[in-house]
Amino acid sequence: MPYVVVGHCCESGDLVTPSATDHEELGPRELPKAEIGDLCVIEGAGAYCSAMSAKNYNSFPEAAEVLLRENGELALIRRRQTLEQILQNEAEA
């Protein structure tokens, strides 16, 4: 099925599937039909990777990180941030 893949912030820089000829335009990709609970792995995530992410931008938790080992095994190397962890640093005004 044709899908346009975007990030969670819905900003112009969140477009993961731009057109091949114009990076400001949408470029649908043929992907298997998505079902609730499916995961989509994007290997080159740019600013979505841990080192580049804007910490808690729009109160979005830091993502979990998974390491793909040479033998094909997956290992969780960092858990997803919880809501409690986001709120613990907020101060009352």
Side-chain angles (χ1 to χ4, degrees):
M1 296 188 69
Y3 288 96
V4 171
V5 181
V6 298
H8 64 269
C9 294
C10 298
E11 296 174 356
S12 62
D14 282 350
L15 180 60
V16 182
T17 56
S19 163
T21 57
D22 184 350
H23 297 300
E24 297 294 322
E25 296 290 324
L26 303 176
R29 301 293 193 276
E30 291 292 324
L31 299 170
K33 183 179 179 188
E35 301 288 341
I36 293 174
D38 285 353
L39 299 175
C40 178
V41 175
I42 300 171
E43 293 181 9
Y48 283 103
C49 71
S50 177
M52 298 278 298
S53 67
K55 186 162 179 70
N56 302 131
Y57 182 65
N58 287 346
S59 295
F60 201 81
E62 293 177 345
E65 293 183 65
V66 177
L67 173 69
L68 174 60
R69 298 187 188 278
E70 288 184 11
N71 65 3
E73 177 185 316
L74 298 174
L76 180 67
I77 59 172
R78 183 173 135 174
R79 291 181 185 86
R80 182 178 177 160
Q81 187 180 34
T82 66
L83 177 60
E84 291 78 23
Q85 290 170 323
I86 293 171
L87 296 177
Q88 74 184 8
N89 289 329
E90 297 211 3
E92 291 184 38

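The model shown is predicted, which means the values in this text are computed figures rather than measured ones.
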- Of all residues at least two apart in sequence or in a different chain, which pass the salt bridge (Lys or Arg N to Asp or Glu O under 4.0 Å) check with E70? none

- If we only count heavy atoms from C-beta on, is the I77 to V66 side-chain gap below 4.5 Å? no

- Does one hydrophobic cluster hold both L74 and L67, with members joined at side-chain heavy-atom distances below 4.5 Å? no

- Is any side-chain heavy atom of R29 less than 4.5 Å from a side-chain heavy atom of V5? no

- The reported gap from CG in L83 to CD in Q88 (rounded to nearest 0.5 angstrom) is 10.5 Å

- Query: Is the backbone of S19 close enough, under 3.5 Å, to the side chain of D22 for a donor and an acceptor to pair up by distance?
  - Reply: no

- Message: I'd like to know whether CZ of R79 has more than 12 heavy-atom contacts from other residues, nucleotides or ligands below 6.0 angstrom.
- Response: no

- Query: Going from CZ on R78 to CZ on R80, what distance comes out if it is rounded to the nearest 0.5 angstrom?
  - Reply: 11.5 Å

- Nearest heavy-atom approach of N71 to E73 is OD1-N, 2.9 Å

- Of all heavy-atom pairs linking Y3 and T17, the shortest is O-OG1, 4.3 Å

